[in-house]
Amino acid sequence: AIVYSSLINGFCSSGRLKEAVRFFDEMVGRGISPCVVTYNSLIHGFCQLDLLKEAARIFDKMVGQRISPDVVTFTVLIYCLCKKGKVGEASELFEMMIRLGNQPNEVTYTSMIYGLCLVGRLDEAAEMFNSMVERGLEQNIKSYNTLINGYCKGRAIEGAMLLFRELHEKGLKPTTFTYTTLIGAFCQAGRVKTAKKLWNEMQNCGLSPNLCTYSVLLDGLCKIGHIEEAMDVFKSMKTADLEGNVEIFSILIDGMCRANKLEEARKLFDEISKKGMVPD
RNA sequence: CUCGUAACAAGCUA
C-alpha cells in the first residue's frame with residue numbers, strides 16, 4: 001500500500017491524474033486497501049487541477065470505506081477552497097474538523113490565513129494567526145510569511161514590517177520568501193531605496209536572492225524607469241550563477257518597451273531563444 | 001520505534 005501511495009502521489013504531483021487513478025484501481029483490484037495517505041494524495045491531485053467536485057467524490061468514497069479523514073485530508077481541502085477564494089466554505093470545514101476531533105495544525109492555520117488574506121480580510125487573518133498561540137501551535141516562519149504577504153498585498157506595508165520585526169524578536173529567521181515578499185512590496189510602493197536596503201540585508205544574513213527575488217526587484221526597477229540599474233542587476237545574476245528564465249526576460253522586455261528601447265527589447269527577445277527557452 | 005500525503009514569494013493585457 002505504501003508503494004502504491006508513493007506512486008499515486010508521484011503521478012498526482014506531476015498532474016498525471018489519469019495514471020494515478022489507474023494505479024488506484026489496480027491496487028484495489030489486487031486486494032490492497034488504500035489508506036488515508038493514498039486518499040489524501042488523490043484528493044490533493046484533484047484539488048491541484050481545480051477538480052473540486054471530483055475531490056469531494058474521493059472524500060465521500062473514503063468515508064464510505066470507513067477510512068477516517070485526518071488533519072491532512074481536511075487541510076488539503078481547506079487550502080484548495082481558500083485558493084479559490086471560498087473562505088466561507090473553508091471555515092465550515094475548519095469548524096467541522098474540530099467537531100470531528102481533528103485538531104487543526106500549523107499548516108491548516110496557515111492555509112486559512114492565506115485564504116483570508118486573499119479576499120482582503122486581513123483583520124480576521126491576523127486573528128487566526130494570533131489564535132494559533134492559544135491552540136499551542138507555533139507561529140512558524142511560513143505562517144509569518146503568509147500573513148506578511150497578506151499585509152503587503154493589502155497595501156499595509158507598515159503592518160508587514162511590524163511582523164517582520166516581531167519574528168526576529170521571537171528568534172525566528174526570515175527566509176528568502178520573507179525578503180522577496182517585502183522587497184516586492186516596497187518596490188511596488190515606489191520605495192526602491194528601502195527595497196535595496198532589504199536586498200543587501202538579506203545577503204548579509206547569508207540568504208541568496210533566487211529567481212523570484214531578482215524578478216521582484218527587476219520589476220520594481222523597470223517600472224520606475226531605472227532600466228540601466230535593472231540591467232546591471234540582471235548582469236549580476238550571471239555572477240551569482242543564475243540564468244534568467246522567461247519571467248525575468250519578460251520583465252526586462254516590458255521595461256525596455258515602456259522606455260521605448262525597442263531594439264534592446266528585441267535583443268533580449270532573441271536571447272531567450274538562444275538559451276533554448278520558449279517565449280510565452 | 002522503520003515508510004508515503006498538505007501551507008508562504010515573481011512577469012504582460014484600458
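Quick caveat, the model's predicted, so the values are computed rather than measured. Below, read A as the first sequence line, B as the second, and so on, with proteins coming before strands; counting in each chain starts at 1.
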J.: Taking any heavy-atom pair under 4.0 Å as a contact, classify A:Val216: base, sugar-phosphate, or nothing.
T.: sugar-phosphate
J.: Could you tell me the separation between the CD1 atom of A:Ile272 and the C1' atom of B:G11, rounded to a whole number of Å?
T.: 11 Å
J.: Which whole-number value in Å describes the distance from A:Tyr109 OH to B:A7 P?
T.: 19 Å
J.: To the nearest Å, give me how far apart CD1 (A:Ile251) and C1' (B:G11) are.
T.: 4 Å
J.: Tell me: CD of A:Glu247 to P of B:G11, nearest whole Å?
T.: 7 Å
J.: Give A:Cys35 one of three labels, base, sugar-phosphate or nothing, depending on what nucleic acid heavy atoms sit under 4.0 Å from its own.
T.: base
J.: Answer with yes or no after comparing the ring centroid distance for A:Phe94 and A:Tyr109 against a 6.0 Å cut-off, counting only values under it.
T.: yes
J.: Using a distance-only test with no angle check, is there a side-chain donor-acceptor pair under 3.5 angstrom linking A:Asn210 and A:Thr176?
T.: no
J.: Does A:Lys153 have a side-chain nitrogen or oxygen under 4.0 Å from the phosphate oxygens OP1 or OP2 of B:A10?
T.: yes
J.: Can a side chain N or O of A:Arg258 be found less than 4.0 Å away from OP1 or OP2 on B:U13?
T.: yes
J.: From the set B:A9, B:G11, B:C8, return the single nucleotide nearest to any side-chain atom of A:Cys212.
T.: B:A9
J.: From the list B:A10, B:A7, B:C12, which nucleotide is the closest neighbour of the side chain of A:Leu211?
T.: B:A10
J.: Does a nitrogen or oxygen in the side chain of A:Lys83 sit under 4.0 Å from OP1 or OP2 of B:A6?
T.: no
J.: Name the closest nucleotide to the A:Val246 side chain, picking from B:A9, B:G11, B:U5.
T.: B:G11
J.: If I take atom CG in residue A:Asn149 and atom C1' in nucleotide B:A10, what distance separates them, rounded to the nearest angstrom?
T.: 11 Å
J.: Roughly, in whole Å, what's the span from CG in A:Leu217 to P in B:A9?
T.: 19 Å
J.: Given B:G4, B:A6, B:A10, identify the nucleotide with an atom nearest to the side chain of A:Ser215.
T.: B:A10
J.: Under the 3.5 Å rule, do the base of B:A10 and the side chain of A:Asn210 count as making a donor-acceptor pair?
T.: no
J.: Just checking A:Thr75: base, sugar-phosphate only, or nothing, at a heavy-atom cut-off of under 4.0 Å?
T.: base
J.: Ignoring hydrogens and angles, does a donor from either the side chain of A:Asn245 or the base of B:A10 sit under 3.5 Å from an acceptor on the other?
T.: yes
J.: Taking atom types as modelled, find out whether A:Lys61 and A:Tyr39 have a side-chain donor-acceptor pair closer than 3.5 angstrom.
T.: no
J.: Is a donor-acceptor pair below 3.5 Å formed from side chain A:Ser6 to base B:G4, judging by atom type as modelled?
T.: no
J.: Out of B:C12, B:A9, B:A7, which nucleotide sits closest to the side chain of A:Ser111?
T.: B:A7
J.: May I ask you to say what A:Thr146 touches in the nucleic acid, namely base, sugar-phosphate or nothing, with a heavy-atom cut-off under 4.0 Å?
T.: sugar-phosphate
J.: Can you confirm whether the side chains of A:Ser111 and A:Thr75 place a donor and an acceptor under 3.5 Å from each other?
T.: no
J.: Heavy atoms under 4.0 Å, any strand shown: does A:Val72 hit a base, just sugar-phosphate, or nothing?
T.: base
J.: So does A:Glu106 pair up with A:Arg135, basic N to acidic O under 4.0 Å?
T.: no
J.: Using a cut-off of less than 4.0 Å, is there contact between a side-chain N or O of A:Tyr214 and OP1 or OP2 of B:G11?
T.: no
J.: Report the distance from atom CD1 of A:Ile32 to atom P of B:G4, rounded to the nearest whole Å.
T.: 18 Å
J.: For the side chain of A:Gln139 and the backbone of A:Phe129, is there at least one donor-acceptor N/O pair under 3.5 Å apart?
T.: yes
J.: Starting from C1' on B:A6, measure out to CE on A:Met97 and report it in whole angstrom.
T.: 11 Å
